[in-house]
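Keep in mind it's a predicted model, so treat the numbers as computed, not measured.
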Amino acid sequence: MIEVFAGVCLSLALTLMIGMILLKKVKNAVTPSVRYLFAMAAITIVSYVTAVVVQDQRAATLAYGLYFAFTDWLVIVLLLYAEKYTEIVRKNRVGKILIYAGALLDTVSMVVNVFTHHVFKVEQTELLIGGESYFAVADKRPMYRVHLAIVYTLVVLVLVLLIVKVRQTLKLYRRKYRMVLYSFVCVLVLNVGYRFTKFTLDISVIAYSLIAIAVCYFSLFYVPKIIVVRLLSFVVREMEGGIMCFDLEGKCVYANQMACRLLQVAEKGKNGSMERFFAEWLAGKQAGELEDRTWHEEYTIEGEVRYFESKFRRLLDEDKNYVGCYFLMQDRTEELRKIEYERYRATHDELTGIYNKTGFYEAVREKLNQEPERRRYMICSDIKDFKLVNELFGLEQGDRVLKRIAEILGREALEGSVYGRLSGDRFAICLYEENFREWLFNDYIKELATMVPSAVYRMHIHVGVYPITEPDLEVSVMCDRAHLAVQTVKDDYQKIVVYYDDAISDAMQHERKLIGEFDTAISEGQFTIFVQPQVARTGELLGGEALVRWNHPQRGMVPPGDFIPVFERTGFIHKLDRYVWELACAQLKRWKEQGKGHLHLSVNISPKDFYNVDIYETFTGLVEKYQIDPKKLKLEITETAIMEGLKQQLSLLERLRAYGFEIEIDDFGSGYSSLNTLKDIAVDVVKLDMGFLSKTEHGDRSKTIMNAMISMSKQLGLTVVAEGVETEEQVAYLTNAGCDIFQGYYFSKPLKVSDFEAKYESELSAR
């Protein structure tokens, strides 16, 4: 029998050790204390089995001593587990120290007992059944009772924790803690019973493993079905959506509060009302034969319209037999509102609250698709130099103007109209042809003019109108056509409304053709330079201005006015300018090699070049590439190009002059900031346009201003170039006024380089 008992105990101990290893994979706050409990229970069992089976008295004494010591620590581990499991933590630090100290002293006492026998002795004993002999504890001294006091004190603490948790926990969870308590009590009963019987073999040791396993199961894995059912019931009852469950016979077996509210069912007659709803919904069909489906519907709850997504789902058993069904109605109101809000933000202008470009394009396209046969106008407005409003009166005033425009559009827009803000100060409205009133825009402009707090500055608005003759066009193209009409009168302060017509269409087609041919023209060298001579007052040839010409293979020589404005507007100008600069530098190199290195060439820099080209790196790179004197490559810029981003341009021009380039201001006097230009920027040359004299009937006054400009320039140490000189009288006047260099048709029109060289061959040869 002893062998059987030992085998059972060792098997249980081995099971506990394996369980302890496997518990490493279980993540839980209680898991560590359960693993310690497994280990201590296994060690305690092994120590007791050793004490029973050994045949040496001293060895048996040591094994029993270890068994009693391990029992102390087993109960301590059980106490730690109980604290974790019940979440009742003892804050008495002194008590914990006393417990650990008592267990430690008891452990030492049990080990020393091998030599002193002050706790117990062991004697050879025979089993009452079977007559087998083994060593058992016989002579129990007072210190043994101290050991029992320590153990049972700890046991009482464990019992108290479990009982308190069972009493305090919710009824739904009470069973879980009660099962652990029952397991512990069973072991305790067995242990106490062993001490009051004459049976010397302690079979309660076997229960140590059982309590460890029970603790593990009920702590980590056991979930009573009633908990699952009740929790699910609570979830369904409290969920925001409505749910109704029907059995095989169509009876309502469950409906939560939300379902009752949605269907306006009173609690008293709930099931009957639900069943009527179900029968009406089925409309004579069998629920088991229907497919699962989803739909959307509106319900009014407490006066507020809410949007629900309703689902019908069949319930099938493991054999795919229909056993019932349920309806799930989920509130999607906030979700839909959020989607609508995001869509609103994506399609509406934040400042004005009307459609933005995206929303306007979509809304117009929808209208056109609905009634493609109705005649409509696309109208786009543009405020000239609106940025001045922000600069002169502040951003807040500019925003007020934009908001007011949106209000006027909303006020005047008739049924079927769509209006929006496309960008900046550009607005658009699409309306029926019969609703278009041109005079409205005059009133529109008068009303806006009063918004600017200035008696001097007045806003000027242009309106482009495109009659929609091709409703299948992209809306963006329609707007582009209306804007293109505006571009034709952007400098006209009298004309307000302009219509897109065949002439504009032809110009647009022409523009597209030029753009389409640009890259080919560059690669085939169709662009070339002409030179308009520049001569000193003595008649000496100094050089010329390099002017681009397009020698088209089919159309011949294309006038610069036909393609340069197009390339400036479309952004191709920087590529063309870069190409012309290269040609000019190559020509200067040839002249240098031919002994004509005294000649210079002036090249133009467009305002847009400053944004698309690294001016400094480009020109210094060309000079180094062609090994020419930078003073012979004169750089012409306009006042407008300088004044846009003044600080950056000042720095750039200083770097260019430091490298050796001479900077010329072209068309000086035609801008609004000429004097500021001379005050702030160190330049070398000013070019005066002789058209200044011919633009007025007051010739004497014009000459007085011209004399002042030349005199001021000379006092600043600047070279003065007069361009557009056409008569001998102008030459005489400019010579007397102190002009240094002349350029114009009086001397020569722009010439091919070969014609330029031939015309001045004798003078060049003399050099």
Would you tell me whether [X] and [Y] have side-chain atoms, one donor and one acceptor, within less than 3.5 Å of each other?
X      : Y      : value
Glu545 : Gln532 : no
Glu350 : Asn356 : no
Glu624 : Thr620 : no

Heavy-atom count check: over 12 atoms from other residues, nucleotides or ligands less than 6.0 Å from [X] [atom1]?
X      : atom1 : value
Lys357 : NZ    : no
Glu593 : CD    : yes
Glu396 : CD    : no

Could you check whether the rings of [X] and [Y] sit parallel, tilted or perpendicular, using 30° and 60° as the cut-offs?
X      : Y      : value
Trp550 : Phe567 : tilted
Tyr760 : Phe756 : tilted
Phe619 : Phe661 : perpendicular
Phe747 : Phe742 : tilted
Phe527 : Tyr579 : perpendicular

task: Output the distance between atom CG (Asp519) and atom CZ (Phe572), rounded to the nearest 0.5 Å.
output: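 Between Asp519 CG and Phe572 CZ, I get 6.5 Å after rounding to 0.5 Å.
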
query: Applying the side-chain hydrogen bond (donor to acceptor under 3.5 Å, both in side chains) test to Glu662, which of Lys632, His600, Lys634 qualifies?
result: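 Answer after filtering Lys632, His600, Lys634: Lys634.
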
- prompt: Charged N to carboxylate O below 4.0 Å: is that the case for Glu582 and Lys625?
  reply: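 The answer is yes: the pair qualifies as a salt bridge.
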
